[in-house]
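All heavy atoms count here, side chains included; hydrogens, waters and symmetry mates do not. These numbers come from a predicted model, not from an experiment. Residue numbers begin at 1 in each chain, while the letters A, B, ... track the order of the sequences.
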2 protein chains.
Amino acid sequence: MLKRLIFSTFGANNVVVKKVSIKDVAKKAGVSIASVSYVLNNRKDSRISEDTIKKVKNAAQELNYRPNKIAKSLKTQRTFTFGLLVADIANPYFSQLARIIEDAAKHIGCTLIIGSCDEDKEKFEDLINTFCDRQVDGLIIAPVANSANFLERIQKQAIPFVLIDRYIPSLRATTIGIDNTEVTFKGTEHLIKNNRKKIAFISYITDLQHLLDREIGFKNALKAHKVPIKNSRLIKVDKDFIDRDIDKNLKQLLTPNPVIDALFFSSNKLAVAGLKTLVKLGIEVPEKIGVLAFDEVEAYKVFKVPVSHIKQPLYEIGVQAVTQLEKMIKDPQTKFQKTTLEASLIVGASS
Amino acid sequence: MLKRLIFSTFGANNVVVKKVSIKDVAKKAGVSIASVSYVLNNRKDSRISEDTIKKVKNAAQELNYRPNKIAKSLKTQRTFTFGLLVADIANPYFSQLARIIEDAAKHIGCTLIIGSCDEDKEKFEDLINTFCDRQVDGLIIAPVANSANFLERIQKQAIPFVLIDRYIPSLRATTIGIDNTEVTFKGTEHLIKNNRKKIAFISYITDLQHLLDREIGFKNALKAHKVPIKNSRLIKVDKDFIDRDIDKNLKQLLTPNPVIDALFFSSNKLAVAGLKTLVKLGIEVPEKIGVLAFDEVEAYKVFKVPVSHIKQPLYEIGVQAVTQLEKMIKDPQTKFQKTTLEASLIVGASS
DNA sequence: TTGTACGCGTTATCAG
DNA sequence: CTGATAACGCGTACAA
């Protein structure tokens, strides 16, 4: 993309204004900085005269004084900041969640720092370290694979965190998520009951337990309904080459004639890639092939038929994450807790 | 969504570890805190003996010392933090941009705080104030309507910012964006050249100049090609009721028989809502109606035919924003600058 | 190399 | 009963 045009003649603002500090307010009000602090923090216990209060408030107002939170944090050892760590903030699943978490955090007076780690362990650790260096009060983390040891270290440093979306079997930690095995079971069962038994399950090559759980749920459902499990229908995609791998596999499974009657995508990105391919190949949905997807993205509603999908309770996840994190911060003795929320199967017309 | 299951018996980590500070390192290394600071910051100028260096590095390593950036910031008056203010981080346009900006910022050692203001002036000002209270080094802002006065105040406080996506005609400020008038002109022309002259332009009820520009570009193109402008084809949607308004208007324009031959959506959210309605109404695209959209979202590729759209140079916008902001921070005398980047028309099969 | 005065608030303690 | 003094928090950087 070329830069086409830059015009830049109009001048700079060179009126450098020193920030107003508590000292300035104190001087203007003719009181000590301590009094300013007391007044501005509404300390009822230390009784200050109405007169002083008025003087301080006026001075603060006139100077448009805003306390420096950095200084406050240094003293109080609280930053009222949370770190949110996800795989990729550009993924709608995470950006929707981020928005909910942002609002929930703001609601209790906290700000969010967001980091994307691309499932990369090194970036993951770097970002968490950065967050800690910035003295966040707590972390909300969608952990990458094999991060148990690192997270244990964070626990020893007494920085509270909650895990979302994913969990780590070997780690005792507060976790918010859904029962992936169960809901995938339910989804698979839905397909089977609609007389689709030749189902391909599209998943990632991964060590992430929550994704493996989805595969387990799928297989369990097949077993429960005495449908044979075929390895050729368990498609594993390289997360860095989703389009390529999906394209290749679907072509194989669907052309010239479908050897399957349903596709179950275990993530939104896989589903979107799959839908693109289906459009390209001109495969009739649901006539020739049924489709079930994970998560909820706008693309599902724009497809030729509304796509059936498993919807996670994003709002609940986000609010619970913030609520529980807050509790852990307030009381470091809080016990670890695993919260499992209900995901729902939204039946569209694709299955 | 119901919380289904909580099990919470396993114990808490009650080993409270005091964070290690520079003092601890100094004590362990048997040197002064000043020396620790010098060594850990690689200050070559003040020569420190190899011996001291080794002792400090070892001590820091063993204690797993990480400097407190809050303290550092208080002294250095730099936080290496940028505030990013958008309308909604859950909107793919902004979440994609946020990701790019996050990476660009990280690249120069900075962290991002993100805020969503929902086009609400009060939230907008609150968030910027919050960012300033946290002493961000600079701001990247997609400004809401009527924010000129407020932003002028921020300028007087000498907090550097760059505007993205939108601009404010009455405000001298560094701005990165596209030429909305021109690219909408180009898009409209594309439709006209494909023999679609009864175009409905779907836009918002808004004061945002960049959106008004799009409307201007549309009208200009009609004029330039001597196509009459009909008010009934200038659809204005309430941003809080997109689905409802789009549904109603498209139904009116398209059923029982289309009175138009093309739809031009001036934002991704409008387009997605429109595509949903088109699917629902079963309108053939591009046979019965042509479609052109703004921005680039995955839904465009999942629609029955790839949707033609105007693609903004997100990467360039993000990188430029960070680059120019950094320059302004380093040199407060930097002149304001308007950067206009080229958006491209991606022709799919919908037009 | 080190002591120490910052940066900007908070809060315990002390004086009027 | 009020309000000021001063000791923090944790690094940085100048003077010694």
Starting at atom [atom1] of [X], determine the distance to atom [atom2] of [N], rounded to an integer number of angstrom.
X	N	atom1	atom2	result
B:N68	D:dG9	CG	P	12 Å
A:I48	C:dT11	CD1	P	13 Å
B:K19	D:dG9	NZ	C1'	12 Å
B:N42	D:dT12	CG	P	12 Å
A:D51	D:dT2	CG	P	11 Å
B:I22	C:dG3	CD1	P	13 Å
B:K23	C:dG3	NZ	P	13 Å
B:I70	C:dC8	CD1	P	15 Å

[options]: which one has an atom nearest the side-chain heavy atoms of [X]?
X	options	value
B:S32	C:dC8, C:dG3, D:dC10	C:dG3
B:Y65	C:dT10, D:dG9, D:dG11	D:dG11
B:A34	D:dG11, C:dC8, C:dT2	C:dT2

Checklist entry - So what does B:V31 touch, heavy atoms closer than 4.0 Å: a base, only the sugar-phosphate, or nothing? => result sugar-phosphate
Checklist entry - Base, sugar-phosphate alone, or nothing: which one does A:T52 contact when heavy atoms must sit under 4.0 Å apart? => result sugar-phosphate
Checklist entry - With side chains defined as the heavy atoms from C-beta onward, is the minimum distance between A:L97 and A:V86 less than 4.5 Å? => result no
Checklist outcome for this item: Between the OG1 atom in A:T175 and the CD atom in A:Q320, the distance rounded to the nearest 0.5 Å is 12.5 Å
Checklist entry - Does a distance-only test, which skips hydrogens and angles, find a donor-acceptor pair under 3.5 Å between the side chain of B:Y38 and the base of D:dC14? => result yes
With a 4.0 Å cutoff (strictly under), does any side-chain N or O of [X] reach OP1 or OP2 of [N]?
X	N	result
A:S37	C:dG9	no
A:T76	D:dG9	no
B:K75	C:dC6	no
A:Q77	D:dC10	yes

Checklist entry - So, A:R134 versus A:T81: side-chain donor-acceptor pair below 3.5 Å or not? => result no
Next on the checklist: Check this for me: does any side-chain nitrogen of one of A:K54 and A:E50 sit under 4.0 Å from a carboxylate oxygen of the other?
Outcome noted: no
Checklist entry - Between B:E125 and B:R153, is there a side-chain N and carboxylate O pair less than 4.0 Å apart? => result no
Checklist entry - If you pin B:N41 and A:I33 to their nearest nucleotides in DNA chain D, which one's is more 5'? => result A:I33
